[in-house]
Amino acid sequence: MRRDIYEHLLALENVKKTINGKEIIKGLSFTVNEGEVFGFLGPNGAGKTTTIRMIVGLMRLSEGDIIVNGKSIKKDFEGAVRQIGAIVENPEMYKFLTGYQNLLQYARMHEGVSKAKIDEVVKLVGLEARIHDKVKTYSLGMRQRLGLAQCILHDPKLLILDEPTNGLDPAGIKEIRDHLRMLARDKGMSVIVSSHLLSEMELMCDRIAIIQSGELIDIQQVNDFVQQEQINYEFETGPLNEIVSWLQDKWKAKMTNKGFVIQATREDIPNIVRELIHNEVDVFSVEAISKSLEDRFLEITTRLGSEA
């Protein structure tokens, strides 16, 4: 299959998975662009890991197809998975060997991986100082970085990491995040990251997809997902007096020790300020409060749960 048939580096086409008569994955379709960090969000049991296992060839599709760099998982399995580097759950290492010896073992699984390439990858993930130490002496963050080095030894077009920051301290999380952004930016690698750490996904990803109960709920740019048309505005004011009832009735305002918070559009703000001044209320500041990725994620999943 020719690469130019497909615009995107990865495409899922109506992918379904049925286990023991129960449909676990329900017709997923989405694409991932070259050089993009793509977030895969969802609660436990949503189907994220099952989908990842199908992409990397660890689980058969019941229906649909997955195209990796123009090659079909169903029609050209070896050609498709050769394009992928992945860590599903935790990276497994030979703990009695050094980090470098582990990479030599992995290099034998792929043609054309030279010692110069291994040295390049070691430097890329920042393990030069400890690469000749035994893996059993490594911290969790160092093992994650060694796992990342293993994944990119063969220059994959697509990197897939399932919970890559699981169990890491804040410094380790930042290291992994910076490495992934660098790989996408400097190497043009497409990266799929599955995680529950929504604040980190907000910093790491270009786009995010939400999956729940095996269904794709939404895909958006991270900034678009967080910054919806209506956002919260915090007003710092003097005493509100009689205008409190108007704010609560019309704007569902929440009172604070500084003033109040309302949900409104940008265009509403001048009218609200004029009304406050007309009622002799001093206005000291108005500040937009952007919702976090976690806020939006919980809003969407809670709403869907109540509609089910």
Side-chain angles (χ1 to χ4, degrees), residues 8-12 15 25 28 30-56 58 66 68-69 81 83-91 124-126 140-141 143-152 155-212 216-226 292-294 296-297 300-301:
H8 306 283
L9 193 126
L10 173 71
L12 272 69
V15 171
I25 303 298
L28 288 188
F30 63 85
T31 58
V32 177
N33 302 318
E34 185 174 341
E36 177 179 41
V37 181
F38 186 88
F40 208 30
L41 298 179
N44 286 332
K48 302 187 304 298
T49 299
T50 298
T51 303
I52 287 172
R53 287 180 175 275
M54 288 191 288
I55 294 173
V56 302
L58 295 176
I66 296 172
V68 184
N69 201 30
V81 298
Q83 316 280 330
I84 301 173
I87 299 177
V88 182
E89 297 171 343
N90 297 316
L124 198 64
V125 301
L140 179 57
R143 291 200 298 274
Q144 291 281 29
R145 280 189 278 165
L146 185 60
L148 184 57
Q150 168 200 340
C151 287
I152 61 178
D155 284 328
K157 297 290 186 181
L158 176 64
L159 180 63
I160 302 177
L161 304 175
D162 189 13
E163 301 284 356
T165 57
N166 193 27
L168 297 183
D169 60 18
I173 291 172
K174 184 179 185 303
E175 286 178 2
I176 293 297
R177 182 180 74 220
D178 290 346
H179 286 314
L180 296 182
R181 293 299 313 174
M182 178 272 298
L183 288 170
R185 181 185 66 247
D186 297 346
K187 298 288 187 180
M189 197 176 291
S190 300
V191 183
I192 295 179
V193 181
S194 167
S195 178
H196 288 94
L197 295 176
L198 305 183
S199 59
E200 284 305 316
M201 297 288 272
E202 187 173 350
L203 294 172
M204 190 186 309
C205 299
D206 300 303
R207 287 190 302 152
I208 56 103
I210 293 180
I211 181 173
Q212 183 161 303
L216 185 65
I217 304 304
D218 199 8
I219 298 179
Q220 289 189 17
Q221 297 284 340
V222 167
N223 289 338
D224 293 343
F225 186 76
V226 174
S292 69
L293 183 60
E294 184 169 12
R296 291 288 300 133
F297 176 77
I300 289 177
T301 53

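Positions are given from 1, in the same order as the sequence printed here. Keep in mind that the numbers below use all heavy atoms, side chains included, and drop hydrogens, waters and symmetry copies.
- Here R181 pairs with D206 under the side chain to side chain donor-acceptor pair (under 3.5 Å) rule; sequence neighbours left out.
- Here the CE-CG distance, from M189 to L9, works out to 10.5 Å after rounding to the nearest 0.5 Å.
- Contacts of A209 classified as side-chain contact (heavy atoms from CB on, under 4.5 Å), with partners at least two apart in sequence or in another chain: F38, F40, L216, I219.
- In this structure a side-chain-to-backbone donor-acceptor pair under 3.5 Å is present from H179 to V125.
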Full working for side chain to side chain contact (heavy atoms under 4.5 Å, CB included) between K187 and L124: CA-CA 11 Å; K187 298 288 187 180; L124 198 64; 4.2 Å; yes
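- Legend: residues meeting side-chain contact (heavy atoms from CB on, under 4.5 Å) with A184, ordered by chain and number and at least two apart, are V37.
- For the atom pair CG of D162 and CD1 of I192, the computed distance is 11.0 Å after rounding to the nearest 0.5 Å.
- Heavy-atom minimum distance, N33 versus E36: N-OE1, 2.8 Å.
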Go through V193 and L180 one step at a time and tell me if the side chain to side chain contact (heavy atoms under 4.5 Å, CB included) criterion holds. CA-CA 9 Å; V193 181; L180 296 182; 3.8 Å; yes
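- Atom-to-atom distance recorded for R145:CZ and L140:CG is 11.0 Å, nearest 0.5 angstrom.
- What you find for G35 and S190 is that their closest heavy atoms are N-OG, 3.4 Å.
- Applying the salt bridge (Lys or Arg N to Asp or Glu O under 4.0 Å) test to R143 and every residue at least two apart in sequence or in another chain returns nothing.
- Among all heavy-atom pairs drawn from I25 and V15, the shortest one is CG2-O, 3.5 Å.
- I66 places a side-chain heavy atom less than 4.5 Å from the side chain of M54.
- Evaluation of the side chain to side chain donor-acceptor pair (under 3.5 Å) rule for T50 yields no partner, not counting sequence neighbours.
- One distance of note links CD1 of I210 with CG of D218; it measures 6.0 Å at 0.5 Å rounding.
- The minimum heavy-atom distance linking R177 with L203 is given by the pair NH1-CD1, 3.3 Å.
- Residues L12 and T51 have side chains in contact (heavy-atom distance under 4.5 Å, counting atoms from C-beta outward).
- Nearest heavy-atom pair, G188 versus E34, reported as atom, atom and distance to 0.1 Å: O-CG, 3.3 Å.
- The side-chain contact (heavy atoms from CB on, under 4.5 Å) test applied to I84 returns I55, V56, V68, A86, L158, I160, not counting sequence neighbours.
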Determine, step by step, whether I211 and L41 satisfy the side chain to side chain contact (heavy atoms under 4.5 Å, CB included) criterion, reporting the C-alpha distance in whole Å, the side-chain angles of both residues, the deciding distance to 0.1 Å, and the verdict. CA-CA 6 Å; I211 181 173; L41 298 179; over 6 Å; no
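- With rounding to the nearest 0.5 angstrom, the CG atom of L148 is 6.0 Å from the CD1 atom of I87.
- Scanning both residues, Q212 and A46, for their nearest heavy atoms gives CA-CB, 4.0 Å.
- Atom CG in L161 sits 8.5 Å away from atom CD1 in I52 (nearest 0.5 Å).
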